[in-house]
Each structure stands twice: as structure tokens, then as C-alpha cells.
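Take a look at the structure set out below.
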Amino acid sequence: MTAETSVPSTALLAGADRDGSNYTARHLLVLEGLEAVRKRPGMYIGSTDSRGLMHCLWEIIDNSVDEALGGYCDHIEVILHDDASVEVRDNGRGIPVDVEPKTGLSGVEVVMTKLHAGGKFGGGSYAASGGLHGVGASVVNALSARLDVEVDRAGNTHAISFRRGVPGAFAAVGPDAKFETGGLRKTKRVPKTRTGTRVRYWADRQIFLKDAKLSLENLHQRARQTAFLVPGLTIVVRDEFGLGEGGSKGEESFRFDGGISEFCEYLATDKAVCDVLRFSGQGTFKETVPVLDEHGQMTPTQVTRELDVDVAMRWGTGYDTTLKSFVNIIATPKGGTHVAGFETAVASTMNEVLRGKKLLRVAEDDIVKDDALEGLTAVVTVRLAEPQFEGQTKEVLGTSAARRIVNTVIAKELKAFLTSTKRDAAAQARVVMEKAVAAARTRIAARQHKDAQRRKTALESSSLPAKLADCRSDDVDRSELFIVEGDSALGTAKLARNSEFQALLPIRGKILNVQKSSVTDMLKNAECGAIIQVIGAGSGRTFDIDAARYGKIIMMTDADVDGSHIRTLLLTLFQRYMRPMIEAGRVFAAVPPLHRVELVQPKKGQDKYVYTYSDRELRDKLMEFQTKGVRYKDSIQRYKGLGEMDADQLAETTMDPRHRTLRRITLSDLEAAEQVFDLLMGNDVAPRKEFISSSAATLDRSRIDA
């Protein structure tokens, strides 16, 4: 048996013999209290990198937020000190400072040093909270070189410090100051009306990786999110360390009295087709849980729980779905039973009303979840005591009753909106339903087209277009597809290519502008269909980059305005329907030369022909020749298109991997790229006209090839 044998997590091998023959109970090491946390930190905070460092901060902040959830706190301050320590202040009730009878320790020491200890186990202190397991504060304490706690309560400030979990006091600021063990002490008197908690800690660099650091951006994002979820709560983030851009310092304050309705508006990026809908309700359920009786024994008891549901949602003109879910203000990015109940309610209620209003034909299938959620931005929140999560990271809610209660609340409220007789609400409801029906019909049409393509493939000997000049190699990483402009260039390219790994697909003229065309029109277009068919990985949401038949897609167009236009149209097709190819860096533009200069009596080792790729480069090259006394023929050849080049010239300059230049197409700024595509290729003519007019003054007329 090795050191990885199956034993309790707090029992570790203390030195068994290598062959295991003398493995006895004396070789087991039982870690007490916070020792287990320091030995296996990943079990409690996920990792010891930047993510784990941020998790520690969330644990302390969430304790203060729980006070706000209970209505006892309206101001939280997070300070990133210049000595790398972090402090969280709140004006809540303050951690209890009286003695806990079982341990004989003060409440502060119990919370900070005992695992699975706290006020969130059903003792009546919190109706709903983000903390459940009672390990958050004690884990942060265990993983800190120093942690200071100050509590204002009962007219006094109570203070205690910890060094790696050991209580006492430091003689000065900083984790390296002199330390003496001790307990909670009173430091000064304060007004009895002043209450609150201040926690300041220095993360232990013996535990965390050297490059682990806090993210100011993530902290602002989490603070903003929490302020949305708890209306009336002010969260101030003060950076004194300099985590901002360029080492800048500063302060941000977050407060949103509009709650999740305002959060929904903030998350939405498209134009709204209905107002933000706010649905709320509650339900009860029963569950059996172990409860501490008067004798200190855990007794299974059936208790009645309340679950509050609060949802903000609105549909927009876009196609993507943005859904954020929370349980007691803790984000559940992987969903859970509350999200499942919400999605089921939206789809089933929409179908019920669509059938009732006859917006769906009798022969048509019901819409599915994705149709109903298309263009939806929603914030789904539930609050309940002791929710069941999967693990300490709380990414998935497992409380089964949440599905039923959320489903019931949303179904009732959404049906009332969709069947409203008020003029404005009825108009908005009809637009929402028609959008869902249109999404369903588009999905069905796309599936029928796909099925038709599959049937066609089964009947034909080859599904690839006849005009494709394919390569012989099956090695995807090595193969290249050249999309060539016109048949004249194709003839030259066939002679210039290496048919082992270079395939050619000619396109006739300018393809369809897919930015302002429907999916159906795009699929009907012969050139677009051929490109998607040849690449073989599908399109849109069904695009599978692993199924692509070629490692590189190279657009080879003429070096003129028309060539640039064709290249832009091709890029629009890739950006809209095959974006993963661009994101993976597998789409390129060939760079053919513009000029060929023939040298007279070139020297040994000097090429007879010199190629240039722009007028500026040509001028510089000719000036260089004159300076060095290199003679060249005056009849400099200027290529009007790829078809004018001989096969050996095209191979040498544009297609041969040993000599060619390729320009990789990237999406380093996706949002900016989409705005440019929409400006140049979209339906709205006015912004494009303004762009052309404003750019005309910067045009170099000498570059016009007339």
C-alpha cells in the first residue's frame, strides 16, 4: 500500500516502510483543526494560484454580504493595502464576542479557528446566506501568515490576531512582527450604536504560488454583481496597492437600488423588444435534516423550508442567450435545479400560449427551449436556508424542490404577461412569441437543409464540388485549401501548386454578402455553399473545427480593389459562419507581388528577377539599385491579376511555402471586428456612406489604378 491509500482525509502516512510490511496504526498521522487545511489547501479553496487567492477574499467578503442579506449591514469596504494585505470592513452586527459554552472560547475564536463552526447551521442567525459549511473564515485564517480581527460590539472594540491560525497579538504591523499567544481583548470604548467587523489578513506565501496575485478587474466585477443583487448595499473597493492599469491606484463605489432589474439591463447588449419583466414568488418544501437538540445530539428532524424566487428577464433582437443564476447571491455558473425549473417553465408556458393563440400551426412541432430563450437576458435568483450545493465552490444548486417552485412561479407570472390584455404589454408579448416561432422555423429549415445534404451525399459518389482540385494528402495539419479568384487564376495555380498537399477551389466573381442575408439565402448561394461543403465542418452553431478537411484556408485574390472586396466578402462569411477557423489562426490571405523587375547581368548569387509588393517598395528598391549601380530593364512588369503570372512566378512568390508570404487573419478584438464588419457589410447604409465620405479626403489618388 502506497501513500495514496484510501484513508480519511485527515489521516496521512507518517513513514511506513517502502515494502509496506510494517504498515501499522502508528504510521497514521491525524491532523487536528487547521493543520488539515494547510496540508491540503486545494480541497478548500480549489488551488493555490491566483484563483485560490481570490477565493479567500470572496470568503471574507461573503460573510459581510450575509449580514447585508439579513438587513443588518448597508456598507462594505474592501481595501487592498500597499503592504499586500487585504482588509474587509462592514457595519453589520459584528462577530459574537461572548464565550461559546462548549469550547470555552470567544465567538471570534470559534469562527476563526474551528472548521464547520458558524452561525449558518440553522441556529436562527441567518434566514439565507452564502456561507453553508462554516469553513470560510477559518480556512482563510489557516492560510494567512497573519490575520487581524476587530469587532465593534456592546460599546467596545474587541481585537485578536492570528499567526497561521494560532490566536494572540502582534507587537507591530506586518506578519513578521513579534507575536505572543493570547485571546480576545478589549482595546477601546465605542458608542453602543456602532457595530461592525474588520478583518485584515496577509496571505501566507508558504502556501500560495509566487506569481499568485489578486485581480482588480474580477474584484470590481464581483462587487458590481453583488451590489446589483442586494439593493441598497454600498460596496467600496479601494486599491492602495496599485493593481490598476499601469500600476494606478484608485477607488470604485458600487450601489444599485434597482436590483436585478437594473442588472438585467446592464447585461443586455442588444436592442430590447420588451420591457424588463420582474417575476417573484415563493414556495415551501419539507426536508429531513440533522438538528442539534437540547442535549447536544444531532437528531434527524423534518423541517419546513421557504424558498423565495426573484427573476428579471427581457427579450432582445439578438440571438444569444445570457442567463445569470444565483442562490443567496452566490453565483451558480453551472446552473442547477433552479435554472432547470426556469428554462422548463419558459418553454412549456410559451408553447401553451402559442397553441392557445394559434400562432403555431397545427402541423408544426412545439418550440424547444433554445427557441424560447433566443435573445433572452435573464437573472434568476433564489433565496433559501441551507441550500444543497455540489462542493464548497457552490457552482451547481442541487436542492430538488427548487425546480418545482421556480417552475410554478415563472409559469404563472409569464403566462399572465403573454396573455395580457393591456395594449403595450400585449404588443410586446406578441413580438416575443413571434420571435420564438421564427427561431423554431429557422432551426427546422436548417435541419431540413442539413438532412437534404446528407441524403445527397449518400446518393452521389462524391459530395465535393466538381470544380475542386483536391490534394492527395489526408494529413489535415499539412493540407492547404487555396480559394482562388476566377478560372484564369485557377489554370495558372494548378500548374504552380504542389498537388500533394495544396487544394484549389475557384470562386466566380464576388460571393454573397452574408452580413445582410439570411441563413437560407447563404445556403442557397452556390459559392458560399461550395466553400462550406469543401471545408466540411458545417456552419454556424453546428460548426465543428475538428471536422475541417484542411489545416490552412488561404484566400488568393488579385492585388487590386476588386480582390480586396472579394477577400472582405470571404472574411465576412468566415466571421459569421465559421469563426472558430479564424480564432484558431487557420485562415490566411496570400500576398501576391505587384511588380517584377528584371536585372541586367545580375551578379553571382543575385536573383535575375526581383519582386515588390507595393508602389512604395518598388520606389525604394529602384532607388537602392541606382545607388548601388545595379542595372535593370526599364520595362518593369506590373501584374494586373494572378492570371497574368506564369506558373513558376506564382509558385515562387505566392504558393511555395519556402518563399511565399502569408498574412494570418486574427480576431484580437472581436467586438471591434464585428463593428467594422457591420459598418462595411451590414444593412444600414447611412453609417457606411458617412464612413466613405469622411475617408475620401485621406485617399491617395495616385494609387487609383485607372
Side-chain angles (χ1 to χ4, degrees), residues 53-81 85-97 107-108 111-112 118-120 125-132 136-137 139-141 144 147-153 157-159 190-191 193-203 214-241 243-244 249-260 262-263 266 326-331 381 383 394:
L53 204 61
M54 292 299 296
H55 187 90
C56 287
L57 180 54
W58 302 146
E59 292 286 5
I60 302 299
I61 293 174
D62 286 346
N63 286 339
S64 296
V65 174
D66 286 339
E67 285 288 291
L69 275 176
Y72 306 109
C73 166
D74 63 6
H75 189 90
I76 297 173
E77 193 169 353
V78 183
I79 305 170
L80 309 178
H81 288 287
S85 65
V86 184
E87 184 175 3
V88 179
R89 303 174 177 176
D90 68 56
N91 62 348
R93 291 171 293 181
I95 303 173
V97 295
V108 176
V111 168
M112 289 294 172
K120 302 166 188 177
S125 301
Y126 295 91
S129 72
L132 295 173
V139 164
V140 177
N141 191 15
S144 298
L147 184 142
D148 298 338
V149 183
E150 287 187 347
V151 178
D152 292 335
R153 193 172 170 123
T157 296
H158 306 259
V190 296
T193 55
R194 182 191 298 174
T195 59
T197 304
R198 295 176 292 282
V199 178
R200 182 177 181 180
Y201 68 92
W202 287 256
L214 296 173
S215 168
L216 187 63
E217 182 182 353
N218 288 349
L219 180 55
H220 283 166
Q221 183 179 351
R222 179 73 169 258
R224 182 184 296 108
Q225 170 183 293
T226 304
F228 276 126
L229 295 171
V230 189
L233 172 64
T234 300
I235 302 180
V236 178
V237 178
R238 190 159 77 242
D239 177 20
E240 298 176 354
F241 187 76
L243 289 179
K249 303 177 182 181
E251 180 177 301
E252 290 279 348
S253 182
F254 303 93
R255 179 188 174 102
F256 304 100
D257 294 327
I260 62 172
E262 200 171 342
F263 194 11
Y266 173 80
F326 302 88
V327 177
N328 300 348
I329 69 91
I330 298 298
T381 66
R383 292 188 182 181
K394 311 183 184 88

Atom pair [atom1]/[atom2] of [X] and [Y] - distance to nearest 0.5 Å:
| X | Y | atom1 | atom2 | value |
| --- | --- | --- | --- | --- |
| Ile60 | His55 | CD1 | NE2 | 10.5 Å |
| Ile235 | His220 | CD1 | NE2 | 11.0 Å |
| Leu214 | Leu57 | CG | CG | 6.0 Å |
| Leu219 | Trp58 | CG | CH2 | 5.0 Å |
| Asp257 | Thr234 | CG | OG1 | 8.0 Å |
| Arg200 | Leu147 | CZ | CG | 11.0 Å |

Give me the atom names and distance for the closest heavy-atom approach of [X] to [Y].
| X | Y | answer |
| --- | --- | --- |
| Leu53 | Tyr201 | O-OH, 4.5 Å |
| Arg153 | Gly94 | NH1-O, 2.7 Å |
| Ala137 | Asn63 | CB-ND2, 3.8 Å |
| Ser64 | Cys73 | O-SG, 4.2 Å |

Is the shortest side-chain N to carboxylate O distance from Glu87 to Arg198 below 4.0 Å?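 Answer for the salt bridge query: no.
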
Salt-bridge criterion met for Asp152 and Arg89 (N-O under 4.0 Å): no

Could you check whether atom CZ of Phe256 has more than 12 heavy atoms from other residues, nucleotides or ligands sitting under 6.0 Å from it?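 Yes - once you tally the heavy atoms of other residues, nucleotides and ligands closer than 6.0 Å, there are more than 12.
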
Whether over 12 other heavy atoms sit under 6.0 Å from Glu217 CD: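 Atom CD in Glu217 is not crowded, with 12 or fewer foreign heavy atoms closer than 6.0 Å.
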
Is [Y] close to [X] at the side-chain level, that is, under 4.5 Å between some pair of heavy atoms?
| X | Y | answer |
| --- | --- | --- |
| Ile329 | Val65 | yes |
| Val149 | Asn141 | no |
| Val140 | Val199 | no |
| Thr197 | Val88 | no |
| Arg222 | Asp62 | yes |
| Val108 | His158 | no |
| Val139 | Glu59 | no |

Can you tell me if [X] uses its side chain to pair, donor with acceptor, with the backbone of [Y] under 3.5 Å?
| X | Y | result |
| --- | --- | --- |
| Lys249 | Glu240 | yes |
| Glu262 | Phe228 | no |
| Asp74 | Gly232 | no |

Criterion side-chain contact (heavy atoms from CB on, under 4.5 Å) against Phe254, the qualifying member of Leu233, Ile76, Val236, Val237: Val237

